[in-house]
A.B. asks: 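Below are the structure tokens for one structure; questions will follow.
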Amino acid sequence: MSGIKAGDSFPSDVVFSYIPYTPEAQEFNACGIPINYNASKEWADKKVILFALPGAFTPVCSARHVPEYQERLPEIREKGVDVVAVLAYNDAYVMSAWAKANNVKNDDILFLSDPEAKFSKSLGWADEEGRTKRYAIVIDHGKVTYAALEPAKNHLEFSRAETVIKNL
């Protein structure tokens, strides 16, 4: 498969790794247990923004990509989005720590792991190193309504919150 585009159905077998937010494990030195997150099933009846990036704790991702989604979350919710999720190839423990480092609580934004970049590779949207490329997909009740891949690792235009909001 080469990419995904508006009008496509979201694949039926997408499972990510994830550590749900819990008050007991909200401290940086506390750790939850990774679970399988069946995105295809969880998102079947929801409106979802999934944005992916090359890695947790990386410069563009930490300084601009995630913070913009955090800042614009109220506006995103007003547009009927049920789930906002960030995806990277990092394991679930790293993604959970990154959520804590960004002070994200209550699953406001899901920090999901794409183990071995399996999903991203299935789209052809992983780099030569096996990392998730930077992209965004909007899914509305199982149908893709927006999908865009950035042309370069540090390019942030098509997957940033502002652009995605305009395409909701």
Side-chain angles (χ1 to χ4, degrees), residues 3-4 14-39 42-43 48-77 81-139 146-165 167:
I4 194 166
V14 178
V15 177
F16 299 121
S17 183
Y18 171 63
I19 297 178
Y21 170 84
T22 61
E24 307 83 57
Q26 71 181 346
E27 296 304 316
F28 205 72
N29 62 350
C31 209
I33 303 298
I35 62 167
N36 284 337
Y37 183 88
N38 187 330
E42 294 288 333
W43 299 343
V48 178
I49 295 173
L50 173 64
F51 69 102
L53 35 80
F57 297 104
T58 55
V60 173
C61 309
S62 291
R64 293 179 48 215
H65 210 170
V66 169
E68 185 185 8
Y69 277 94
Q70 287 178 280
E71 291 163 16
R72 310 246 351 225
L73 204 52
E75 184 181 351
I76 290 167
R77 296 286 186 225
V81 174
D82 302 298
V83 177
V84 177
V86 58
L87 183 69
Y89 84 103
N90 300 93
D91 70 34
Y93 295 107
V94 171
M95 294 304 286
S96 176
W98 199 33
K100 293 173 188 181
N102 280 283
N103 202 29
V104 174
K105 294 181 169 62
N106 301 319
D107 289 337
D108 288 338
I109 297 175
L110 303 181
F111 280 68
L112 303 175
S113 169
D114 186 3
E116 299 170 12
K118 182 180 172 188
F119 173 70
S120 299
K121 286 176 182 174
S122 78
L123 300 178
W125 288 3
D127 68 18
E128 317 75 47
E129 300 164 11
R131 295 168 80 105
T132 311
K133 285 189 176 180
R134 191 180 307 279
Y135 59 84
I137 302 170
V138 176
I139 306 129
Y146 176 80
L149 173 67
E150 298 289 359
K153 188 178 274 186
N154 291 326
H155 193 265
L156 181 56
E157 180 182 354
F158 307 116
S159 63
R160 63 181 296 198
E162 180 180 7
T163 304
V164 173
I165 289 167
N167 285 281

A.B. asks: Could you report the tightest heavy-atom contact between Ser17 and Pro115, atom names first, then the distance?
C.D. replies: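 What the structure gives for the nearest pair is CB-CG, 3.9 Å.
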A.B. asks: Is Tyr21 close to Asp108 at the side-chain level, that is, under 4.5 Å between some pair of heavy atoms?
C.D. replies: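 A side-chain contact under 4.5 Å is absent here.
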A.B. asks: Hey, is the main chain of Tyr93 close enough, under 3.5 Å, to the side chain of Ser96 for a donor-acceptor pair?
C.D. replies: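 Pair absent, no side-chain N/O of Ser96 close to backbone of Tyr93.
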A.B. asks: So does Ile165 get a backbone contact from the side chain of Glu75, meaning a donor-acceptor N/O pair under 3.5 Å?
C.D. replies: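 Not confirmed, Glu75 side chain does not pair with Ile165 backbone.
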A.B. asks: Partners of Asp107 by salt bridge (Lys or Arg N to Asp or Glu O under 4.0 Å), sequence neighbours excluded?
C.D. replies: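 Expected list: none.
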A.B. asks: Can you give me the closest heavy-atom contact between Ile33 and Pro20, atom names plus distance?
C.D. replies: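 Looking at all heavy atoms of both residues, the closest pair is O-CD, 4.1 Å.
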A.B. asks: Out of curiosity, Ile4 CD1 to Leu50 CG, how far, rounded to the nearest 0.5 Å?
C.D. replies: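 CG of Leu50 is found 9.5 Å from CD1 of Ile4.
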A.B. asks: Are the side chain of Arg160 and the backbone N or O of His65 linked by a donor-acceptor pair below 3.5 Å?
C.D. replies: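 Looks like no, no N/O pair under 3.5 Å.
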A.B. asks: For the residue pair Phe51 and Val84, establish whether any side-chain heavy-atom pair is separated by less than 4.5 Å.
C.D. replies: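 Phe51 reaches Val84 side chain to side chain.
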A.B. asks: Just by modelled atom types, is the Glu129 backbone N or O under 3.5 Å from a matching donor or acceptor in the Asp127 side chain?
C.D. replies: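 Looks like yes, one N/O pair under 3.5 Å.
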A.B. asks: CG/Asn38 to CD1/Ile35 distance, rounded to the nearest 0.5 angstrom?
C.D. replies: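 Answer for the CG-CD1 pair, Asn38 versus Ile35, is 10.5 Å.
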A.B. asks: Work out which heavy atom in Ala117 is nearest to a heavy atom in Gly130; give both atom names and the distance.
C.D. replies: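 Ala117 and Gly130 have their closest heavy atoms at CB-O, 3.2 Å.
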A.B. asks: Verify, without hydrogens or angle tests, whether Glu150 (side chain) and Phe158 (backbone) share a donor-acceptor contact under 3.5 angstrom.
C.D. replies: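 Present.
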A.B. asks: Roughly how far, to the nearest 0.5 Å, is the CD1 atom of Ile49 from the CG atom of Asp82?
C.D. replies: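 If we round to the nearest 0.5 Å, Asp82:CG and Ile49:CD1 are 10.5 Å apart.
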A.B. asks: List in chain and number order the residues that pass salt bridge (Lys or Arg N to Asp or Glu O under 4.0 Å) with Arg131, two or more places apart in sequence or in another chain; answer none if no residue qualifies.
C.D. replies: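 Partners of Arg131 by the salt bridge (Lys or Arg N to Asp or Glu O under 4.0 Å) criterion come out as none, since no residue qualifies.
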A.B. asks: For Val81 and Val138: C-alpha separation, side-chain torsions, deciding distance, then whether side-chain contact (heavy atoms from CB on, under 4.5 Å) applies.
C.D. replies: CA-CA 9 Å; Val81 174; Val138 176; over 6 Å; no
A.B. asks: Counting heavy atoms not belonging to Glu157, are there more than 12 under 6.0 Å from its CD?
C.D. replies: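 It does: Glu157 CD has more than 12 such atoms within range.
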A.B. asks: Between CH2 of Trp43 and CD1 of Ile137, what distance do you get to the nearest 0.5 Å?
C.D. replies: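 Result: 8.5 Å between the selected atoms.
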A.B. asks: Measure the acute angle between the ring planes of Phe57 and Trp98, then classify it against the limits of 30° and 60° as parallel, tilted or perpendicular.
C.D. replies: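 Geometry flag for Trp98 against Phe57: tilted rings.
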A.B. asks: Taking all non-hydrogen atoms of both residues, which atom of Ser159 and which atom of Leu156 are closest, and how far apart?
C.D. replies: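 It is OG-CD1, 3.7 Å.
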A.B. asks: Would you check, one step at a time, whether the test side-chain contact (heavy atoms from CB on, under 4.5 Å) holds for Tyr69 with Val164?
C.D. replies: CA-CA 10 Å; Tyr69 277 94; Val164 173; 3.3 Å; yes
A.B. asks: Mind checking the CG-CZ spacing from Leu53 to Arg64? Nearest 0.5 Å is all I need.
C.D. replies: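 Nearest 0.5 Å value for the CG-CZ distance: 12.5 Å.
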A.B. asks: Out of curiosity, Phe16 CZ to Asp114 CG, how far, rounded to the nearest 0.5 Å?
C.D. replies: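 So the CZ of Phe16 and the CG of Asp114 are separated by 5.5 Å.
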A.B. asks: Please report the shortest heavy-atom distance between Val86 and Met95, naming the atom on each side.
C.D. replies: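 That closest heavy-atom pairing would be O-CE, 4.0 Å.
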A.B. asks: Does Ser113 reach the main-chain N or O of Asn90 with its side chain, forming a donor-acceptor pair under 3.5 Å?
C.D. replies: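 Judged by distance alone, yes, a pair lies under 3.5 Å.
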A.B. asks: Determine whether a donor-acceptor pair (N or O, by modelled atom type, separation under 3.5 Å) exists between the side chain of Lys118 and the backbone of Val15.
C.D. replies: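 Checking the backbone N and O of Val15 against the side chain of Lys118, no donor-acceptor pair under 3.5 Å is found.
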A.B. asks: Any side-chain to backbone donor/acceptor pair from Gln70 onto Val104? Under 3.5 Å, distance only.
C.D. replies: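 Absent.
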A.B. asks: Identify the two heavy atoms, one from Ala52 and one from Thr132, that lie closest to each other, and give their separation to 0.1 Å.
C.D. replies: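 For Ala52 and Thr132, the tightest heavy-atom pair comes out as CB-CG2, 3.5 Å.
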A.B. asks: Are Arg134 and His155 packed together at the side-chain level, in the sense that at least one heavy-atom pair is separated by less than 4.5 angstrom?
C.D. replies: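 With C-beta onward as the side chain, the pair stays apart.
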A.B. asks: Tyr18: which residues meet the ring pair (Phe, Tyr, Trp, His ring centres under 6.0 Å) condition with it, sequence neighbours left out?
C.D. replies: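 Ring pair (Phe, Tyr, Trp, His ring centres under 6.0 Å) check on Tyr18 returns Tyr37.
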A.B. asks: What do the steps show when you test Leu87 against Tyr135 for side-chain contact (heavy atoms from CB on, under 4.5 Å), and what is the final call?
C.D. replies: CA-CA 9 Å; Leu87 183 69; Tyr135 59 84; 3.5 Å; yes
A.B. asks: Side chains of Tyr146 and Thr163: do they bring a donor and an acceptor to under 3.5 Å?
C.D. replies: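 No, Thr163 and Tyr146 have no side-chain donor paired with an acceptor closer than 3.5 Å.
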